[in-house]
Amino acid sequence: MASPAPIPATPLLAIAILAVFVSATTAGPACSESDRDALLSIRAALSEAHLGVFSTWKGADCCANWYGVSCDPTSGRVADLTLRGEAEDAVMAPDGHPASGVMSGYISDHVCHLDALSSLILADWKQISGPIPSCVATSLPNLRILELPANRLTGEIPPSIGSLSRLIVLNLADNLLSGAIPSSIASLASIKHLDLANNQLTGSIPANIGNLATLSRALLSRNRLSGPIPPSIGSLTRLADLDLSENRLTGAVPDSLGSSGSGVLTSLHLGGNRISGRIPAKLLGEKGLAIVNLSRNAVEGPIPDAFTGRSYFIVLDLSQNRLTGGVPRSLASAAYVGHLDLSHNRLCGTIPAGPPFDHLAAESFASNSCLCGAPLGKCT
């Protein structure tokens with residue numbers, strides 16, 4: 001008697017077997033032993049006891065659920081190390097309420113053994129100190145994002161930082177970094193976002209910063225930078241935000257800042273420096289420019305009568321300078337003027353009537369030589 005035919009597998013069982021097979025054949029490789037050792041050395045140099053961000057850093061495979069670690073699915077090499085002290089994920093917000101973490105220690109030079117890194121982010125930990133390992137600039141050729149803001153890092157920016165030809169974001173803001181901005185920074189051919197604000201950087205802005213053709217944001221405020229604003233900065237046709245405020249910069253505002261005509265520059269912060277000379281007329285006539293702050297400098301001469309119907313100023317702050325002459329009548333033709341501050345200058349004459357002047361407070365024109373008319377007193 002023939003034995004009965006085998007019972008075919010149910011569709012659900014077949015699907016389960018197929019899923020196991022696909023998982024086994026498509027799972028990425030485990031992380032390399034050298035990358036795991038480097039990560040453990042990085043962890044050993046840091047201390048974070050409250051949130052336990054390193055509690056998942058266990059087991060042989062650092063590509064498997066180690067918090068903040070991402071690996072290339074093909075090679076198994078660590079591609080991203082992202083640890084932020086302020087985040088809204090399950091670790092940083094265990095009860096749905098974002099926490100603010102504190103981490104101390106230093107950045108181990110073993111980070112440079114992760115030579116396949118594309119992103120290195122150790123941000124907002126407040127107490128990470130010591131220098132930026134110089135090898136970061138020479139041993140991580142694939143690095144595209146380097147963010148180390150809001151710590152207590154000291155020392156200089158690595159002189160060879162310009163070697164990172166693929167770098168798109170460099171954010172070292174809110175630290176205690178000193179020394180000059182390396183001249184090699186002008187070799188960052190792919191850089192779009194440069195933030196070195198709120199450090200203790202000295203010296204001048206590199207003269208060839210205009211080489212950074214892809215740069216869209218340059219934030220260098222609250223340092224101790226001196227010397228002139230390089231004219232080459234006006235050749236950055238993709239620059240949307242420029243903040244050089246609260247430094248010790250001297251000389252005039254370069255004419256080149258208002259000559260690109262690209263309409264890309266939207267905010268310009270130069271307040272709190274030692275800038276002199278006159279305001280370039282083309283600067284105030286630049287289309288798209290919405291925020292201009294030249295306050296607390298030594299700018300002199302008249303305010304250019306260069307406003308047009310396409311002028312749209314959210315903020316125009318020229319206060320605490322040495323400006324002379326009258327309030328430009330062409331300002332009345334601007335499409336919009338939100339906050340205007342011309343106070344503490346040497347302006348004289350009658351304030352034009354009508355918008356935008358009819359919605360401005362007297363504080364916008366206070367402490368000038370002899371301005372009159374609404375919203376100040378009547379002219380006699």
On the 0 to 90° scale, with breaks at 30° and 60°, tag the Phe313-Phe307 ring pair as parallel, tilted or perpendicular. perpendicular
Just verifying a value: how many Å separate Cys112 SG and Leu117 CG, rounded to the nearest 0.5 Å? 9.0 Å
Side-chain touch Arg278/Pro302, heavy atoms, less than 4.5 angstrom: yes
Test Ile279 against Val253 for side-chain contact (heavy atoms from CB on, under 4.5 Å), laying out the working first. CA-CA 7 Å; Ile279 302 171; Val253 178; over 6 Å; no
Quick check: closest heavy atoms across Trp125 and Leu83, and the distance to 0.1 Å? NE1-O, 2.9 Å
Hey, is the main chain of Arg274 close enough, under 3.5 Å, to the side chain of Asn297 for a donor-acceptor pair? yes
Gly210 and Ser235 have their tightest heavy-atom pair at O-OG, 3.6 Å
Nearest-0.5 Å distance that lies between atom CD1 in Ile181 and atom CG in Asn223: 7.0 Å
Can we say Asp72 and Arg77 salt-bridge, meaning some charged N sits less than 4.0 Å from an Asp/Glu carboxylate O? no
For Leu225 and Leu220, what are the C-alpha separation, side-chain angles and deciding distance, and is it a side-chain contact (heavy atoms from CB on, under 4.5 Å)? CA-CA 9 Å; Leu225 300 173; Leu220 308 179; 4.1 Å; yes
Give a yes or no on whether a salt bridge exists between Arg296 and Glu246, defined as a side-chain N under 4.0 angstrom from a carboxylate O. yes
Side chains of Arg152 and Lys126: does their closest heavy-atom pair fall under 4.5 Å? no
Any chain of hydrophobic side-chain contacts (each under 4.5 Å) joining Leu219 to Ile275? no
In a single word, yes or no, tell whether Cys63 and Cys31 have an SG-SG distance below 2.5 angstrom. no
Close side-chain approach of Asp317 to Leu294, heavy-atom, < 4.5 Å: no
For the pair Ser108 (side chain) and His110 (backbone), establish whether a donor and an acceptor sit closer than 3.5 Å, ignoring hydrogens and angles. yes
Should Leu81 and Leu40 be counted in the same cluster of Ile, Leu, Val, Met, Phe, Trp and Tyr side chains packed under 4.5 Å apart? yes
Count the heavy atoms of every other residue, nucleotide or ligand shown that sit under 6.0 Å from CG of Asp358, and state whether that count exceeds 12. yes
Is a side-chain donor or acceptor of Asp80 paired with a backbone partner of Gly68 at a separation under 3.5 angstrom? no
Got a donor-acceptor contact below 3.5 angstrom from the Arg36 side chain to the Gly59 backbone? yes
What do the steps show when you test Leu244 against Ile205 for side-chain contact (heavy atoms from CB on, under 4.5 Å), and what is the final call? CA-CA 10 Å; Leu244 307 179; Ile205 300 170; 4.0 Å; yes
In the structure I gave you, are the side-chain heavy atoms of Leu284 and Leu316 within less than 4.5 Å of one another anywhere? yes
Applying the 4.5 Å side-chain criterion to the ILVMFWY set and letting contacts propagate, would Met103 and Val111 be lumped into a single cluster? yes
For the side chain of Asp241 and the backbone of Asp243, is there at least one donor-acceptor N/O pair under 3.5 Å apart? no
Is it the case that the side chain of Glu300 and the backbone of Leu323 share a donor-acceptor pair, with hydrogens and angles ignored and the cut-off at 3.5 Å? no
Has Ser216 got a side-chain atom pairing as donor or acceptor with Lys192's backbone, closer than 3.5 angstrom? yes
Consider only side-chain N and O atoms of Asn175 and Asn199, and report whether a donor and an acceptor are under 3.5 Å apart. no
Under a 4.0 Å N-O cut-off, is there an ion pair linking Asp255 with Lys282? no
Rounded to the nearest 0.5 Å, what's the gap from CG on Leu194 to CG on Leu188? Could you check? 7.5 Å
Side chain proximity check, Ile351 to Pro375, heavy atoms < 4.5 angstrom: yes
Of all heavy-atom pairs linking Arg84 and Ile121, the shortest is NH2-CD1, 3.6 Å
Quick one, Asp37 and Ser34 - any side-chain contact, counting heavy atoms below 4.5 Å? no
Membership question, hydrophobic clusters at under 4.5 Å side-chain separation (ILVMFWY): are Leu376 and Leu318 in the same one? yes
With distance as the sole test, does Asp109 use its side chain to make a donor-acceptor pair with the main-chain N or O of Cys135 at under 3.5 Å? no
Drop me the distance from Leu146's CG to Ser118's OG, to the nearest 0.5 angstrom. 11.5 Å
When every non-hydrogen atom of Ala207 is compared with those of Pro230, the smallest separation belongs to O-CB, 3.8 Å
Shortest non-hydrogen pair, Asp124 vs Ala150, comes out as OD1-CB, 3.2 Å
Do the side-chain N and O atoms of Ser139 and Asp115 include a donor-acceptor pair separated by under 3.5 angstrom? no
Residue pair Phe357 / Val327, side-chain heavy-atom distance below 4.5 Å: yes
Under the criterion side-chain contact (heavy atoms from CB on, under 4.5 Å), I'd like the reasoning laid out for Thr214 against Arg238: C-alpha separation, chi angles, the key distance, then a yes or no. CA-CA 6 Å; Thr214 61; Arg238 299 185 186 182; 3.9 Å; yes
Nearest 0.5 Å, please: how far is CG in Asn321 from OG in Ser295? 7.5 Å
In terms of heavy-atom contacts, Glu48 and Val53 come closest through OE1-N, 3.0 Å
Could you walk me through whether Asp341 and Ser364 satisfy the side chain to side chain donor-acceptor pair (under 3.5 Å) test, starting with their C-alpha distance in whole Å, then the side-chain angles of each, then the deciding distance to 0.1 Å, before giving a yes or no? CA-CA 4 Å; Asp341 194 346; Ser364 295; 5.7 Å; no
Would you say the side chain of Leu170 lies within less than 4.5 Å of the side chain of Ile161, judging by non-hydrogen atoms? yes
Is Leu114 reachable from Trp57 through a run of I, L, V, M, F, W or Y residues, each pair having side-chain heavy atoms under 4.5 Å apart? yes
Separation between CD1 (Ile145) and CZ (Arg166), nearest 0.5 Å, reads 14.0 Å
Just by distance, with hydrogens left out, do Arg346 and Asn368 show a side-chain donor and acceptor under 3.5 Å apart? no
Between the main-chain N or O of Ile209 and the side-chain N or O of Asn211, is there a donor-acceptor pair closer than 3.5 Å? no
Does Ser256 use its side chain to pair, donor to acceptor, with the backbone of Pro231 at less than 3.5 Å? yes
